[in-house]
Amino acid sequence: MNTNYIDELNESQCAAVTYNDGPSLVIAGAGSGKTRVLTYKIAYLLEQENGYNPWNILALTFTNKAAREMKERIARQVGMERARYLWMGTFHSIFSRILRAEATFIGFTSQFTIYDTADSKSLLTAIIDQVLREKVHEELLRKYGNRPDLEEKEKEKVIELKKIYKPGVVQARISNAKNHLVTPTGYAANKEAYEGDMAAKMPAIRDIYARYWDRCRQAGAMDFDDLLVYTYILFRDFPEVLARYRDQFRYVLVDEYQDTNYAQHSIVLQLTKENQRVCVVGDDAQSIYSFRGADIDNILYFTKIYPNTKVFKLEQNYRSTQTIVCAANSLIEKNERQIRKAVFSEKEKGEPIGVFQAYSDVEEGDIVANKIAELRREYRYGYADFAILYRTNAQSRIFEEALRKRSIPYKIYGGLSFYQRKEIKDVIAYFRLVVNPNDEEAFKRIINYPARGIGDTTVGKIISAATDHGVSLWAALCEPLSYGLDINKGTHAKLQGFRELIESFIVDQADKNAYEIGTNIIRQSGIINDVCQDTSPENLSRKENIEELVNGMNDFCALRQEEGNPNVSLTDFLSEIALLTDQDSDKADDGERITLMTVHSAKGLEFKNVFVVGLEENLFPSGMVGDSPRALEEERRLFYVAITRAEEHCYLSFAKTRFRYGRMEFGSPSRFLRDIDVHYLQLPHEAGVSRAVDEGAGRFRREIEGGFTRSASPSRAPFGSTSSEQRERPKAQIIAPSVPRNLKKVSTVSPSNGVQATSSTSASIAGVQAGQMIEHERFGLGEVIKVEGTGDNAKATIHFKNAGDKQLLLRFARFKVVE
DNA sequence: GACGACGACCTTTTT
DNA sequence: GGTCGTCGTC
């Protein structure tokens, strides 16, 4: 435990940490130790005399990763036994926790489903179709009366309209409304919204929104935006509930405040308006998520909302060379809307930022790959010291090819996440339906998967019967007769078969943990058979993914049990994964690789060497900015984020021609290249772009610090990680015994609790004492601090070298004593 | 209900 | 250029 951490802070960091008499706004320039300030501030709050209890502190972040890392760092300061009771997490996860506890107030159950973006889009597609049909039908009826011969015309009209009502666009508008806390009623009454819809030729959006809202409620489901909207409504309509949380959260901290939207801002205000104990940290220059509803005004005008705000500016950059910092400053200066600050670095001056011109996108790939090889030779960098950042994911392919050609290892971020894969979504849909049978999207997904002869026609009938009677699809399925379902005997039997299957799982669920019920479902639903039908590569990979999921569930249950939570239900598992993203299961640190990612996903990261590529007009800045100055400024901030990821070397490149949408296109260098003071650039020796190279920038010799790599934080996904360490552990067998090929030998599953009994759960655990060193399967080496309780309740506090302090129930803990 | 052909589409994406 | 959704055929 480190008690003198205050000494490690610079003056402004220290001031920000120790001030807590009122609202504070910490403007944290890139690389200025923002996370350090937040963690130390929380530690400081906990350790003050008459200080705060951990559960009095609410700390909100945007990513699970940020929350986890911060919690670990705080645990290092104040110990895990206190840190674990902090309310620290993403907006969405904290609010879903609150909503599950208070679900009845807003007419939900605590089992509510969380629809991901795909679910919500799929539901919207269905609703758009429905609403348009009805509208067109009504209109023709009104105009011409009942004429069956107009059916064709009706169909055509619907198809035409569907081209305008694109699900993605409709979804964005509804999401935007929710982010501004506008409910369907409010939307219908909102003149501005209606005019916007008319301008977009989509007057029916208000109806679509209303129906979407109702259908979600009917299904007992919330989308990501609803988690915010309903939290706001809960606090607004039930002052006694708000009072409870307001009294509990005596101090509220928000990370990345520049990325908050109106709803998030409003909820923070609900909680803090009265006592004003709030601290927000952020950098307006790094606000790059306005397309997701983030409103930079929240940070720009924070001091207007909280008039007594004390503002702290962290301006010393500890990450980058002076040249990189100055170049970035000269760029961001071109923005109007910002909080002025003077970021500076006291590191070496460093080398100028190299600018490369390529004739084609392919050549750009070659130039970058060659430069990487050159830098590696010259400075002995590891592969992990490099990142290639681009504006769009589509640009990654060229660089992949260039790197592959030279056998340079790389990893790509982005693309389909684990939980977005079809086979995983199918399995999860079963889980979801078992937990919440009203879940419409889960229902539609699996009613005929694996194929059981229930086709689209039947599903269509169920849907219209359900909507006509205002019940869920499940309710309609259970009582087809009462809801006037017109189906034949055979279909009826198939439907009831499905109902019985799901009901058997529901019954099963009562006395089984998530892992057991999960494997049961996968076996008995027929998913296994479907996946094992043949050994095609796709099926093999699907099988592996499902195994991965099951292993994740096993880990999840085991971990929760170790922490003293014996009954891990399917609901627990689902609510955990609903808000997980791929970034959370960091398969990242599996060695020496170059990183390829979009600038957006690079936010918050740092690399010794950064290549920002594709700096062309209509690409970076994106062609979508049009003539909107606001959008252009956001693109500029995005470029600012890109440059400030670099610690030692930064390179910018553009190509004169590029393949896009299958066509060769000509491009011109990005206007952003001209926004950077030429003093900090090393321009290519080409006519037109060439300028005198600044010799004064000098050259710095980097001290080569031996063959090290930056030690990545030991953070890890709560479970389901794909790291190699865990791959080596025995896997649970879920595949039908008839097809055991290719499967590694697996351990037996103990019938009592469903958790693997492994060799490391040895008898020696009975004699664990303080002071011993142990090796845990998951957390690695650690020292036993103390042991309390006896028998089944025996609990050890262990200080892990890489994972911080943990309290584990010996009964379940999987470790062995080492000498 | 499965499969192949054809056409429309295309930014970024913390949850 | 690559993906996804729709439509027509067996």
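By convention in this document, chain letters (A, B, ...) are assigned in the order of the sequence lines, proteins followed by strands, and residues within each chain are numbered from 1.
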Rounded interatomic separation in angstrom, taking [atom1] from [X] and [atom2] from [N]:
X	N	atom1	atom2	result
Lys121(A)	dT3(C)	NZ	C1'	12 Å
Asp530(A)	dG1(B)	CG	P	14 Å
Arg660(A)	dG2(C)	CZ	P	16 Å
Tyr449(A)	dG1(B)	OH	P	15 Å
Asp456(A)	dG5(C)	CG	P	14 Å
Lys178(A)	dT15(B)	NZ	C1'	13 Å
Gln395(A)	dG1(C)	CD	C1'	14 Å
Glu256(A)	dT13(B)	CD	P	16 Å

Aromatic plane relationship, Phe95(A) with Phe91(A) - under 30° parallel, 30 to 60° tilted, over 60° perpendicular: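 Phe91(A) vs Phe95(A) ring planes: perpendicular.
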Aromatic plane relationship, His92(A) with Phe224(A) - under 30° parallel, 30 to 60° tilted, over 60° perpendicular: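 It falls in the perpendicular class, over 60°.
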Sugar-phosphate, base or nothing in reach of Gly455(A), heavy atoms under 4.0 Å: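 Counting heavy atoms under 4.0 Å across all strands, the contact made by Gly455(A) is with sugar-phosphate only.
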Within 45° cone of Phe62(A) ring axis and under 6.0 Å: Lys603(A) NZ or CZ: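 Ring-cation test returns no.
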For Ala328(A), all residues meeting side chain to side chain contact (heavy atoms under 4.5 Å, CB included), sequence neighbours excluded: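 Side chain to side chain contact (heavy atoms under 4.5 Å, CB included) check on Ala328(A) returns Tyr640(A), Ile643(A), Thr644(A).
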Output a table of nitrogen or oxygen pairs between the protein and nucleotides 3-12 of chain B separated by less than 3.5 Å.
residue : atom : partner   : partner atom : Å
dT12(B) : OP1  : Asn393(A) : N            : 3.1
dT12(B) : O4'  : Arg391(A) : NH2          : 3.1
dT12(B) : N1   : Arg391(A) : NH2          : 3.4
dT12(B) : O2   : Arg391(A) : NH2          : 2.3

Donor-acceptor pairs are to be reported for all side-chain atoms of residues 618-631 of chain A against protein atoms at under 3.5 Å, with residues two or more places apart or in another chain.
residue   : atom : partner   : partner atom : Å
Ser622(A) : OG   : Met624(A) : N            : 3.0
Ser628(A) : OG   : Arg630(A) : N            : 3.4
Ser628(A) : OG   : Ala631(A) : N            : 3.0

Nucleotide nearest Thr63(A) when distance is taken to its side chain, options dG1(B), dG1(C), dT15(B):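 Within the option list, the nearest is dT15(B).
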Arg397(A) bridged to Glu401(A) by N-O distance under 4.0 Å: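 Yes.
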Contact nearer the 5' end of DNA chain B, comparing Ile454(A) with His92(A):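 Checking each residue's closest nucleotide, the 5'-ward one belongs to Ile454(A).
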Below 4.0 Å: OP1/OP2 of dT15(B) and any side-chain N or O of Asn64(A):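 So the side chain of Asn64(A) is within the cut-off, an N or O lying under 4.0 Å from OP1 or OP2 of dT15(B).
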Side chain Glu364(A), main chain Gly614(A), donor-acceptor under 3.5 Å: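 Such a contact is found between Glu364(A) side chain and Gly614(A) backbone.
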